[in-house]
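To start, the structure itself, in structure tokens.
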Amino acid sequence: MRVMKIGVIAIQGNVEEHVRALEKTLAEQGREEGVVVKIRHRGIIESCDAIVIPGGESTTIGRLLEREGIVPELTEAARAGKAILGTCAGLVLLAKEGEVEVAKTGQPLLGLMDVKVKRNAFGRQKESFEALLSLSFLKEPFHAVFIRAPIITHAADPVEVLATLKGHIVAARHGNIMALSFHPELTEDRRIHHYFINTCIQGRNKS
Ligand code: GLN
């Protein structure tokens, strides 16, 4: 079988942390031959099996994705059933619609998940916090780091809610696409990266 290739959008934000977490996860699964590449321009996504959109500033990442001509490639990857993971700012970008700030600034969204999002939803004094989160696909809670985190305010069918915190949706999956409000790349717990790579393998086996 062809070697697995995972691309991390490397325009801005927590890029290195995701690359490291993915490399360690591949090694833990005995897939040392798998590669993780950084995506800064168009022409790379087509050869990737899975894509990660990291946290950072969704306005900046979105603008540069447009400028570099990467947006249509991401749309095509989603359509082709490739696994896509968006964390924090990545979650904002994956959404179809945004509230408040997102709507006001008219920032570009990829619209790949049928959800509505709200940026910086936990307020100023709680810009960063940590919480033990129950995710539907994990047996034990996950220590989740939230940094100026967004929430999903509305998820349409067939979006599956994977976790809520204080009544807000903070993790969801729409087919091959998964979005998280928090940063799994900032802790040493790689269960979410394992789950993501397994989703990617299922997608490859189907195609
Ligand atoms: N608040 C940021 C945004 O909406 C996301 C923060 C993050 O990715 N840590 O772009």
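Both ligands and their constituent atoms are indexed starting at 1 by order of listing.
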- prompt: Would you call Lys5-Asp49 a salt bridge at under 4.0 Å N-O?
  reply: no
- prompt: Quick one: do Arg191 and Glu140 make a salt bridge, cutoff under 4.0 Å?
  reply: no
- prompt: Polar-atom distance check: Asn120 versus ligand 1, any N or O pair below 3.5 Å?
  reply: yes
- prompt: Salt bridge check: are Arg190 and Glu28 linked by an N-O gap of less than 4.0 Å?
  reply: yes
- request: Give yes if a backbone or side-chain nitrogen or oxygen of Ile147 is under 3.5 Å from a nitrogen or oxygen of ligand 1, and no if not.
  value: yes
Short N-O contact, Lys82 and Glu46, less than 4.0 angstrom: no
field: Arg148/Glu57 ion pair, N-O < 4.0 Å
entry: yes
field: Donor-acceptor side-chain pairing of Thr87 and His18 below 3.5 angstrom
entry: yes
- prompt: In ligand 1, which numbered atoms sit nearer than 4.0 Å to a non-hydrogen atom of Ser58?
  reply: 3 (C), 4 (O), 10 (O)
query: Under 3.5 Å, N or O to N or O, is His183 touching ligand 1 that way?
result: yes
message: Among all the protein's non-hydrogen atoms, which is closest to atom 5 (C) of ligand 1, and how far away is it?
response: Gly56 O, 3.4 Å
field: Pairing residues for Glu17 by the side-chain hydrogen bond (donor to acceptor under 3.5 Å, both in side chains) criterion, not counting sequence neighbours
entry: none
- line: Quick note on ligand 1: atoms under 4.0 Å from a heavy atom of Arg119 include exactly 3 (C), 4 (O), 10 (O)
message: Geometry only, no angles: is Ala89 polar-contacting ligand 1 at N/O separations under 3.5 Å?
response: yes
statement: re atom 7 (C) of ligand 1, the protein heavy-atom contact at minimum distance is Cys88 SG, 2.8 Å
- prompt: Which of the numbered atoms in ligand 1 are below 4.0 angstrom from a heavy atom of Gly55?
  reply: 8 (O)
